[in-house]
Amino acid sequence: RKNIGDAKSLIDVADGAMASQTKLLERVHELALKASNEILGDEEMKAIQEEVDDLLEEVGDIANETTYNGKKVLN
């Protein structure tokens, strides 16, 4: 029973982390569509790129920092 509980907890941790990553990547997708479908100036495109860079960094951070019992789960 303990092993089953541990496995469920591990899956819950991984699932939560991946759900967070999914939300961030959905925002990246929205920004990519905006950048490709609208006529934007250089400053607007720069702002979009900066937000995309920040979002992707956060996705990587989640992958690198998500742990369960001291062990990395996603990386």
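When reading the values below, keep in mind they use all heavy atoms of this one structure, side chains included, and skip hydrogens, waters and symmetry mates.
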Trainee: How about CG on N75, more than 12 heavy atoms from neighbouring residues, nucleotides or ligands closer than 6.0 Å, or not?
Mentor: yes
Trainee: Could you measure the distance from the CG atom of D53 to the CD1 atom of I48? Nearest 0.5 Å is fine.
Mentor: 12.0 Å
Trainee: If you round to the nearest 0.5 Å, how far is CZ of R27 from CD of E58?
Mentor: 12.5 Å
Trainee: When rounded to the nearest 0.5 angstrom, what distance separates NZ in K23 from CG in L55?
Mentor: 13.5 Å
Trainee: Hey, are K46 and D42 close enough for a salt bridge, meaning a charged N less than 4.0 Å from a carboxylate O?
Mentor: no
Trainee: Run the side-chain hydrogen bond (donor to acceptor under 3.5 Å, both in side chains) test against E26 and tell me which residues pass, sequence neighbours left out.
Mentor: none
Trainee: Minimum heavy-atom separation for Y68 and L10, please, with both atom names.
Mentor: CB-CD1, 3.8 Å
Trainee: From I4 CD1 over to S9 OG, what is the distance, rounded to the nearest 0.5 angstrom?
Mentor: 12.0 Å
Trainee: Set out, in order, the CA-CA distance, both residues' side-chain angles and the distance that settles side chain to side chain contact (heavy atoms under 4.5 Å, CB included) for V28 and V59, then state yes or no.
Mentor: CA-CA 11 Å; V28 169; V59 167; over 6 Å; no
Trainee: Taking the side chain as every heavy atom from C-beta outward, state whether L25 and L56 have any pair of such atoms under 4.5 Å apart.
Mentor: yes
Trainee: Calculate, to the nearest 0.5 Å, the distance between atoms CE and CG belonging to M45 and L31 respectively.
Mentor: 10.5 Å
Trainee: List the residues meeting side-chain hydrogen bond (donor to acceptor under 3.5 Å, both in side chains) with K71, not counting sequence neighbours, and say none if there are none.
Mentor: none
Trainee: Closer than 3.5 angstrom, by distance alone: can the side chain of S36 be matched with the main-chain N or O of L33 as a donor-acceptor pair?
Mentor: yes
Trainee: Could you measure the distance from the OG1 atom of T66 to the CD atom of Q21? Nearest 0.5 Å is fine.
Mentor: 6.5 Å
Trainee: Is E44 reaching over with its side chain to a backbone N or O of G41, donor-acceptor style, under 3.5 angstrom?
Mentor: yes
Trainee: Would you kindly confirm whether I11 and M18 end up in one hydrophobic cluster when ILVMFWY residues are joined by side chain heavy atoms under 4.5 Å apart?
Mentor: no
Trainee: Write down the atom of L40, the atom of A35, and the distance for their closest heavy-atom approach.
Mentor: CD1-CA, 3.9 Å
